[in-house]
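The sequence lines fix the lettering, A, B, ..., with proteins before strands; numbering per chain opens at 1.
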Amino acid sequence: MHALIRHLLRAGSPQGAVTARGWVRTRRDARGFSFLELNDGSCFASLQVVVDEGTPGSECLPDLTTGASAEVEGELVASPAKGQSWELRATRIALIGHAGPDYPLQKKGHSLEFLREIAHLRPRSNLFGAVFRTRSRLAHAVHRFFQERDFVHVHTPIITTSDCEGAGEMFRVTTLKGDLDANPAADFFGKPAYLTVSGQLEAETFACGLSRVYTFGPTFRAEDSNTSRHAAEFWMIEPEMAFCDLAGDMALAEEFIKALALAMREECADELGFFERFVDKEVRRRLDFVIERPFQRVPYAEALQILLGSGREFAYPVEHGRNLQSEHERYLTEEHFKAPVTVFDYPRAIKPFYMRVNDDQETVAAMDVLVPGIGEVIGGSQREERLDQLEQNLARQGLRPADYWWYVDLRRFGSVPHAGFGLGFERVLMFLTGVGNIRDVIPFARTPGSAEF
RNA sequence: UCCAGAGUAGCUCAAUGGUAGAGCACGCGGCUGUUAACCGUGCGGUUGUAGGUUCAAGUCCUACCUCUGGAGCCA
């Protein structure tokens, strides 16, 4: 394989006879020679190529316009000018792929909205190169975090027949034509099927056998929500631990967030510098905040007292039995505690059936991790492991135990306390990069009315 | 889905109801170990779509489409 530019730019000494391949960012012509900026996406920087008049292949120079692809052989030498320590002095140059004057990406910056319309070309821009290198490294960091702790990666199904999981509207998966509800038994799976909204219930079955598991895969919500934080298809990470209570769950969640922030700071340093300069000046400060400040834990009831006693006027009233609003969450983490915060023991009435009922019968062992700038990044709970209590919870929410027979079975055979949480990968990327729109941290966003690519 | 804002050249944006402009991109010429190069010059338009008001609409009115921000739902 030819050398990637990131390796060439890390050279410790001059090198003869190297080959670089990439896309032309810009060309500057001087008397008797030309400068080419060649970028291959392997790192943030481009390689400056110097092409003398008469170099073999230099007759293609007029075609080496912004966006064209090229191959350059030459010698890597120390650059005599400022701006780069190494440059490639070409001994042979060739055009690989032409890019005409209608190439949409220019040398100057583009708006994020415009780049979304050319999502097939935006990987060639500085910002999206940085975002997707970051996404790749952090995905790796996610796996490393769990693998180092003996978690087993489970590929939970994408297609599910579990309706009403309570996590939002679902996409129907069907091979039927016409009226889908006329005869569901004739459908491919013999009953209505959907794209998964969560792998949690399936992950619980594996935790109750392999002890510690996690999922990391695509998740689908058919909600007609049009915001900078929602996508119809996104990637979710859901660890699940047997023999674990809420305290253990919170500890893992806090450790996980810190580990990702640390990975961002240490393994994506170039990209972080770019995000800090051009995207969000506060991003590094937020990372340091999460890495260095100890997490604060506060029960929901106490959080309400803090909010009520704050003397602050909130747009939404603080009321027992209601979910905390984004503005409430941000007050707690940014102003009151000035630290990342884990709120736990939420009212039973606002949480789903699978969360474990506390002894007070009023609250459940649920927790949300809040960070500055974003609010909630993780939601999780200890699961209800007692058979009678789970059946009671299902009935209370109008669900039929028969529809959850295999989930209920876990409580009949060797049931154990267990707990887990869920975290949206794109939401975390937004927090770590400072990028403000979820459509810009996922390669090809699926949102209502939009699935072009 | 609700509320608000926006839609003018390839891109980013100007334009009191009265002759649609600039910068960048692109073409041509010049200059230069250049660095989002620079200087000159040229090209570039069904003003989102469809109606309406008016002597006259980019501008005012109505509907629709698309995008953005916020809300709800949530991850």
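For A:E223, whose side chain is taken as the heavy atoms from C-beta onward, the closest listed nucleotide among B:C74, B:C73, B:G10 is B:C73. Of the candidates B:A36, B:C31, B:U34, B:U34 carries the atom nearest the A:Q48 side chain, counting heavy atoms from C-beta on. Nearest to the side-chain atoms of A:S228 among the listed nucleotides B:G69, B:U1, B:A37 stands B:G69. Looking at the side chain of A:H230, the nearest of the listed nucleotides B:U35, B:U68, B:C73 is B:C73. Side-chain atoms of A:Q325 lie closest to B:G72 of the nucleotides B:G33, B:G72, B:U32.
No hydrogens or angles were tested; on distance alone, a donor-acceptor pair under 3.5 Å links the side chain of A:R89 to the base of B:G33. Counting distance only, with no hydrogens placed and no angle test, the side-chain atoms of A:H110 and the base atoms of B:C11 include no donor-acceptor pair under 3.5 Å. At a cut-off of 3.5 angstrom, the base of B:U66 holds no donor-acceptor pair with the side chain of A:E113.
OP1 or OP2 of B:A37 has at least one side-chain nitrogen or oxygen of A:K107 nearer than 4.0 Å. Residue A:R229 has a polar side-chain atom (N or O) positioned under 4.0 Å from OP1 or OP2 of B:A71. For B:A36, the OP1/OP2 oxygens have no side-chain nitrogen or oxygen of A:N126 closer than 4.0 Å.
Where pairing requires Watson-Crick or G-U contacts shorter than 3.5 Å, the helical stems of RNA chain B with at least three consecutive pairs are B:1-7 with B:65-71, B:10-13 with B:21-24, B:26-30 with B:38-42, B:48-52 with B:60-64.
No contact: A:E117 has no heavy atom under 4.0 Å from any strand. Among the atoms of the strands shown, none is found under 4.0 Å from any heavy atom of A:G379. Using a 4.0 Å heavy-atom distance criterion, A:N226 is classed as a base contact.
Side-chain atoms of A:E204 and A:Y407 include a donor-acceptor pair closer than 3.5 Å.
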